[in-house]
Amino acid sequence: MSRATTSARGRTHGHRVRLGLTIVTIGLALLTVASTVLAWGYQFQIADASRYNGTFDLNQATVELLRLEAELDAVRHGNGADAARLRYAILRNRTAILRSGDAMSMLTAYPTQTAAFGRFNDIVDGLQPLIDQLPRQEAAQSALAILKPFDNKLVQLASLSNVATGDVVAKNQKQLEQIFIASCLVTMTLVAFGALLLTFVFRQNRHLVRVANTDTLTGLGNRFAFNAALARADDDVEQAVALLDVDHFKLLNDSLGHDAGDLFLVELSKRLAAVADEAELVARLGGDEFALFFCGPSARERAVHACEKIGASMATPIALQDRDLTASVSIGVGFKTREDAPDSASLLKDADIALYGSKAAGRACYRVFDPTMKQKLLRRQRLQDDLALAVAAGELALAFQPIIDLSTDRLGGFEALLRWRHPELGFVSPAEFIPVAEESQQIEMLGRWVLTEACRQAAGWPSHLSVAVNVSARQLTDECFPMFVAENLNRFGIRPRMLEIEITESVLIENDEQTLRVLQALRDLGVRISLDDFGTGYSSLSYLRRFTFDKIKIDQSFVRSAANDESSGAIIATICALAARLHLDIVAEGIETAAHLDFVREAGCRFGQGYLFDKPLSVADCAARIIADRLEDPAQRSDGPSFARAG
Ligand code: C2E
Ligand code: MG
Ligand code: MG
């Protein structure tokens with residue numbers, strides 16, 4: 001299943017969950033509001049029923065009737081009429097309240113009784129003339145006779161009203177009970193829903209933490225997880241970090257495509273996880289960079305053991321879709337003992353320095369950090385910083401090493417070699433600072449300076465001499481470089497054939513189309529291209545097929561060992577024969593002794609370069625050397641060539 005489909009499904013699922021949660025929340029909220037409003041209403045009804053019901057008014061009216069009757073009875077026995085009049089007024093007031101109130105509405109189920117109450121009302125109202133006649137005993141007697149029949153009826157009405165009110169309260173209570181049950185259900189649902197929500201949130205949280213800590217491509221831990229593991233580790237235990245980089249991964253990615261690159265990383269990560277099973281964590285920090293963390297007793301030894309196992313496992317090709325790919329990795333190990341202060345930053349930095357060391361040692365290996373590595377790196381950083389100012393400060397100069405035509409023993413040309421006299425560090429070898437410049441991209445600026453200075457000097461030389469300039473790979477990725485060369489040739493009036501561009505095999509390793517185009521453009525200008533340090537690479541011969549060179553320079557290591565190593569001698573002889581077949585000029589580098597010279601001459605080398613003839617010369621010595629060579633011209637001197645000047 002593709003990652004796009006998975007993420008689309010994830011989105012739909014998330015959308016559904018959100019919709020479900022919203023609907024449930026709204027439903028529960030509505031239920032809660034409804035039950036609260038209902039409970040509120042019923043509660044009011046119950047309160048009303050208990051406080052302001054008609055039963056109370058009826059009871060009061062009954063009591064007032066009995067009190068009036070008692071006062072009328074007293075008048076009948078000769079007492080005053082004031083109390084009876086007051087009671088009559090109160091009774092009328094009571095009956096008026098009963099008439100206007102809703103006491104009777106509750107008694108609709110008892111029509112006879114309510115009709116009797118209607119009559120009672122009229123009778124009470126009609127009693128006024130008799131009350132006015134009080135204290136006449138006959139009037140009291142008559143009023144009593146009229147009222148007495150209603151005693152029982154009013155009591156009966158009051159008790160009926162009581163029953164009706166009870167019924168209302170009971171009904172309301174029943175409904176309240178239902179509301180209470182509904183509220184309980186809502187509350188329980190809310191609790192269950194809350195628990196569900198919490199579970200969901202915790203699960204989501206766990207999922208998010210897992211995603212945040214996982215590398216999406218390989219499923220290994222990512223940089224975040226790695227840093228967390230370092231931070232979590234106990235301070236007083238041994239720790240080791242192995243940083244791993246795939247060699248030339250960019251090349252793999254560019255040539256096979258990014259999908260193949262991704263597949264390679266996935267397969268590699270599986271292999272790492274299987275091999276480095278003792279590691280606390282295997283993580284992909286990004287790109288082609290992996291890290292292994294070891295923690296606890298003998299962490300360093302376990303890291304080294306893992307490095308060895310990884311190195312051995314890389315011998316087996318990694319199977320991609322349609323091919324098996326052999327690749328190598330470089331590893332750097334940083335470590336801390338139990339006693340060292342906890343400092344995960346320096347642990348990583350040490351591993352990084354060691355990784356740098358393994359790359360400098362030719363890759364496909366591992367290096368364990370040691371303090372001298374740090375010093376080397378610091379020096380390298382210093383060189384890099386100071387190099388930026390070296391041209392302007394006039395610290396750079398060119399030395400010119402003669403190249404001798406072995407057929408005539410005469411000067412054939414010079415190789416321009418860059419020199420840097422650092423104000424504090426003294427003479428720094430180009431073998432040291434050129435790689436620094438290459439890495440920091442300062443080589444383009446330096447290379448242009450070298451080319452201009454070499455042309456400036458060569459402009460003053462006899463036109464049969466050549467000037468060879470070393471050019472780094474990065475300079476040849478610059479499409480404008482041929483134009484820059486042409487400008488300099490014009491500026492100093494130099495014939496293009498006088499200039500030789502020396503490149504090493506590393507330039508062609510990546511088989512970059514652009515590099516080949518730039519080289520061809522230079523050749524089209526008429527500039528000669530020579531292959532330097534020939535024989536040191538993995539597939540030197542194959543480079544001769546990739547580009548048409550003008551010259552090969554046999555690496556000095558062959559010349560040095562030719563006298564006592566048969567195979568080196570055979571290699572030189574074979575290279576010379578090959579060069580002759582391909583009509584290439586050939587130069588033997590590093591001729592230090594007469595024996596070297598005899599050997600390369602016999603092998604068929606046309607040109608030679610080395611301390612036997614001259615060391616690289618300053619501009620002034622170079623001029624003197626040219627003059628001396630002229631003097632050796634048979635037309636000017638007749639005593640023939642000699643090489644007594646070595647040193
Ligand atoms: P290379 O181009 O192979 O230059 C030859 C190196 O061998 C020079 O070292 C030279 O001094 C040394 N050499 C010559 N004859 C002998 C000999 O008989 N015995 C021994 N032991 N060595 C000899 P140098 O000048 O230190 O340069 C080292 C390398 O630095 C050069 O190797 C070249 O790759 C690089 N380099 C020098 N100048 C430049 C430059 O301007 N640009 C670039 N890109 N690289 C440069
Ligand atoms: Mg060279
Ligand atoms: Mg060389």
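Note that these values count all heavy atoms, side chains included, but never hydrogens, waters or copies made by symmetry. Both ligands and their constituent atoms are indexed starting at 1 by order of listing. Here, residue 1 is the first one in the sequence, and each next residue gets the next number. Since the model is a prediction, treat every value here as computed from it, not as a measurement.
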Inset, instruction - Could you tell me whether Gln520 atom CD has more than 12 heavy atoms of other residues or ligands within 6.0 Å of it? - result: yes
Legend entry - Cation-aromatic face contact Lys551/Phe607, 6.0 Å, 45 degrees: yes
Legend entry - Geometric cation-pi criterion Arg300 and Phe335, 6.0 Å radius, 45° cone: yes
Inset, instruction - Can you spot which of Arg606, Lys553, Glu502 makes a side-chain contact (heavy atoms from CB on, under 4.5 Å) with Val587? - result: Lys553
Inset, instruction - Kindly state each residue pair satisfying side-chain hydrogen bond (donor to acceptor under 3.5 Å, both in side chains) with at least one member in residues 478-488, sequence neighbours excluded. - result: Arg448-Asp478, Thr452-Asn488, Glu479-Arg517
Legend entry - Centroid-centroid under 6.0 Å between Phe547 and Phe549 rings: yes
Legend entry - Mutual orientation of the aromatic rings belonging to Phe400 and Trp461 [parallel < 30°, tilted 30-60°, perpendicular > 60°]: perpendicular
For a distance cut-off of 3.5 Å, show me each N or O of ligand 1 paired with any protein N or O, plus the separation.
unit_1   : atom_1 : unit_2 : atom_2 : d
ligand 1 : 2 (O)  : Glu415 : OE2    : 2.9
ligand 1 : 2 (O)  : Asn470 : OD1    : 2.9
ligand 1 : 2 (O)  : Asp532 : OD2    : 2.8
ligand 1 : 3 (O)  : Asp533 : OD1    : 3.1
ligand 1 : 3 (O)  : Glu589 : OE2    : 3.2
ligand 1 : 7 (O)  : Gln556 : NE2    : 2.9
ligand 1 : 15 (N) : Gln401 : NE2    : 3.0
ligand 1 : 18 (O) : Tyr611 : N      : 2.8
ligand 1 : 19 (N) : Glu592 : OE2    : 2.6
ligand 1 : 21 (N) : Glu592 : OE2    : 3.1
ligand 1 : 22 (N) : Gln556 : OE1    : 3.3
ligand 1 : 22 (N) : Tyr611 : OH     : 3.3
ligand 1 : 25 (O) : Arg419 : NH1    : 3.0
ligand 1 : 25 (O) : Arg419 : NH2    : 3.0
ligand 1 : 38 (N) : Leu418 : N      : 3.1
ligand 1 : 42 (N) : Asn470 : O      : 3.3
ligand 1 : 44 (N) : Ser472 : OG     : 3.0

Inset, instruction - Applying salt bridge (Lys or Arg N to Asp or Glu O under 4.0 Å), name anything that partners Asp352, two or more places apart in sequence or on another chain. - result: none
Legend entry - Sphere of radius 2.8 Å around the Mg ion (ligand 2) - protein N, O or S atoms inside: Glu415 OE2, Asn470 OD1, Glu502 OE1, Asp532 OD2
Legend entry - Single hit among Arg382, Arg379, Arg380 for salt bridge (Lys or Arg N to Asp or Glu O under 4.0 Å) with Glu432: Arg379
